[in-house]
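Since the structure comes first, as structure tokens, the remarks are kept for the end.
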Amino acid sequence: MYCSISWLSDDVQQRLKKSVRTFVLLETGTSLLGIANPLSGYSPLFDDKLSPRQKALEFSEWVSAYYQHGDLSLRDISELQLSQGGHLLSKQPTTQTMTPAELESTASLTADLKYDTLLIAPDFRPVLEAQTNALLFNSQVQQAWGKPDVWCLYGEASVWPCIYGSWYLEQRSNEIFFKILNGANHFFIWDYPEKTVNLLEKICTNNELENLDF
């Protein structure tokens with residue numbers, strides 16, 4: 001919708017422009033941004049050695065793990081844990097702490113294989129790249145929205161595509177606000193709901209921005 005605001009009627013555009021003041025990007029990975037992954041970057045979804053069911057099971061653990069990356073302040077890809085093996089985990093993956101009922105109510109172990117992998121397939125990457133450029137770097141689109149603040153939040157213990165994707169945005173724009181969430185993984189909304197809501201409230205109300213603890 002953000003990229004297509006010009007398709008809406010004038011009165012709807014004006015209401016959105018008046019009401020929406022902040023956009024928050026949560027854990028924006030490389031594939032959804034439409035940017036190429038490093039060749040050494042591993043994902044179970046594209047591991048041909050795994051069966052479809054194994055891919056789904058491996059993905060749920062891989063994406064929800066707590067990784068001990070290197071010095072993220074260097075913004076150097078060599079500091080990220082990219083490979084399949086040898087991960088240093090700071091704590092148990094989120095999905096392993098959930099009850100079967102919780103996992104069943106919040107995730108599908110087969111949907112990723114049917115839909116998500118199609119969305120992030122190489123042939124679809126130019127579409128997502130164009131969407132990213134329109135969303136974040138098209139001045140006409142930003143003006144139509146009234147130039148809202150844009151924030152990008154990512155966990156310091158998250159899976160590598162979300163950190164690498166955030167670094168990519170940071171290199172391209174000095175108008176996006178970035179916040180690294182200390183000790184957080186990709187599932188910080190589930191593991192730290194109260195802290196997440198408090199943080200989002202401060203960001204969206206433009207309140208206590210000098211004290212954005214997590």
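Computed over heavy atoms, backbone and side chain alike; hydrogens, waters and symmetry mates excluded.
- Side-chain contact between Gln131 and Leu128 is present, with at least one heavy-atom pair separated by less than 4.5 Å.
- In this structure, the side chains of Trp62 and Leu45 stay at 4.5 Å or more apart for every pair of heavy atoms.
- Using modelled atom types, no side-chain atom of Glu79 and backbone atom of Leu74 make a donor-acceptor pair closer than 3.5 Å.
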Derivation of the side chain to side chain contact (heavy atoms under 4.5 Å, CB included) call for Asp10 and Gln13: CA-CA 5 Å; Asp10 290 341; Gln13 288 189 46; 4.1 Å; yes
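- Among all heavy-atom pairs drawn from Gln142 and Glu175, the shortest one is OE1-OE1, 4.4 Å.
- Of the inter-residue distances, the one linking Cys204 atom SG with Leu199 atom CG reads 9.0 Å to the nearest 0.5 angstrom.
- At least one side-chain heavy atom of Phe137 sits under 4.5 Å from a side-chain heavy atom of Ser173.
- One hydrophobic cluster, built from ILVMFWY side chains closer than 4.5 Å, holds both Leu8 and Phe23.
- Between Ile77 and Trp167 the shortest heavy-atom distance is N-CZ3, 4.0 Å.
- Taking all atoms of both residues into account, the shortest heavy-atom contact from Thr94 to Asn185 is OG1-ND2, 2.9 Å.
- In this structure, Glu104 places its CD atom where only 12 or fewer heavy-atom neighbours from other residues, nucleotides or ligands lie under 6.0 Å away.
- Leu200 places a side-chain heavy atom less than 4.5 Å from the side chain of Leu26.
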Pair Thr196-Asn198, side chain to side chain contact (heavy atoms under 4.5 Å, CB included): steps then yes or no: CA-CA 5 Å; Thr196 301; Asn198 290 339; over 6 Å; no
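- Note that NZ of Lys91 is 12.5 Å distant from CD of Gln96, once rounded to the nearest 0.5 Å.
- Considering all non-hydrogen atoms of both residues, Lys55 and Asp48 come closest at NZ-OD1, 4.5 Å.
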Test side chain to side chain contact (heavy atoms under 4.5 Å, CB included) applied to Val141 and Leu135, step by step: CA-CA 7 Å; Val141 173; Leu135 171 66; over 6 Å; no
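- In this structure the side chain of Leu57 never reaches within 4.5 angstrom of the side chain of Leu50, judged on heavy atoms.
- The two atoms that bring Tyr164 and Thr30 nearest to each other are CD2-CG2, 3.4 Å, heavy atoms only.
- A side-chain donor-acceptor contact under 3.5 Å links Ser19 to the backbone of Arg15.
- The structure places OG of Ser40 at 4.5 Å from CG of Leu82, a figure rounded to the nearest 0.5 Å.
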Side chain to side chain contact (heavy atoms under 4.5 Å, CB included) assessment of Thr22 paired with Ile203: CA-CA 8 Å; Thr22 306; Ile203 289 174; 3.9 Å; yes
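- The CD atom of Glu61 sits 9.0 Å away from the CD atom of Gln92 when rounded to the nearest 0.5 Å.
- For the pair His69 (side chain) and Ser158 (backbone), a donor-acceptor distance under 3.5 Å is present.
- Atom CG of Leu136 sits about 6.0 Å away from atom CG of Leu25, to the nearest 0.5 Å.
- Residues Phe177 and Asp149 are in side-chain contact: their nearest non-hydrogen atoms beyond the backbone lie under 4.5 Å apart.
- A side chain to side chain contact (heavy atoms under 4.5 Å, CB included) with Val159 is found for one member of Tyr66, Phe187, Phe59, Tyr67 and no other, namely Tyr67.
- Side chain of Trp145 to backbone of Tyr2: a donor-acceptor contact under 3.5 angstrom is found.
- The backbone N or O of Asn182 lies less than 3.5 Å from no partner atom in the side chain of Glu156, so there is not a single donor-acceptor pair.
- Between the side chain of Thr95 and the main chain of Ser64, no donor-acceptor pair closer than 3.5 Å is present.
- Judged purely by atom type and a 3.5 angstrom limit, Trp160 uses its side chain to pair as donor or acceptor with the backbone of Tyr42.
- Checked by atom type and distance alone, the side chain of Gln54 pairs as donor or acceptor with a backbone atom of Ser51 at under 3.5 Å.
- In this structure, Phe124 and Val127 have side chains that are in contact, with non-hydrogen atoms separated by less than 4.5 Å.
- Lys195 forms a cation-pi arrangement with Tyr192, by the criterion of a distance under 6.0 Å to the ring centre and an angle within 45° of the ring axis.
- When atom types are taken as modelled, the side chain of Glu27 and the backbone of Gly155 share a donor-acceptor pair closer than 3.5 angstrom.
- Proximity of a side-chain donor or acceptor of Thr99 to a complementary backbone N or O of Glu102 within less than 3.5 Å is detected.
- Counting all heavy atoms, side chain and backbone alike, Ser31 lies closest to Asn37 at OG-ND2, 3.8 Å.
- There is no side-chain donor-acceptor pair under 3.5 Å between Gln81 and Gln68.
- Taken to the nearest 0.5 Å, the OG atom of Ser166 stands 8.0 Å off from the CG atom of Leu33.
- No hydrogens or angles considered: a donor-acceptor pair under 3.5 Å links the side chains of Asn133 and Arg172.
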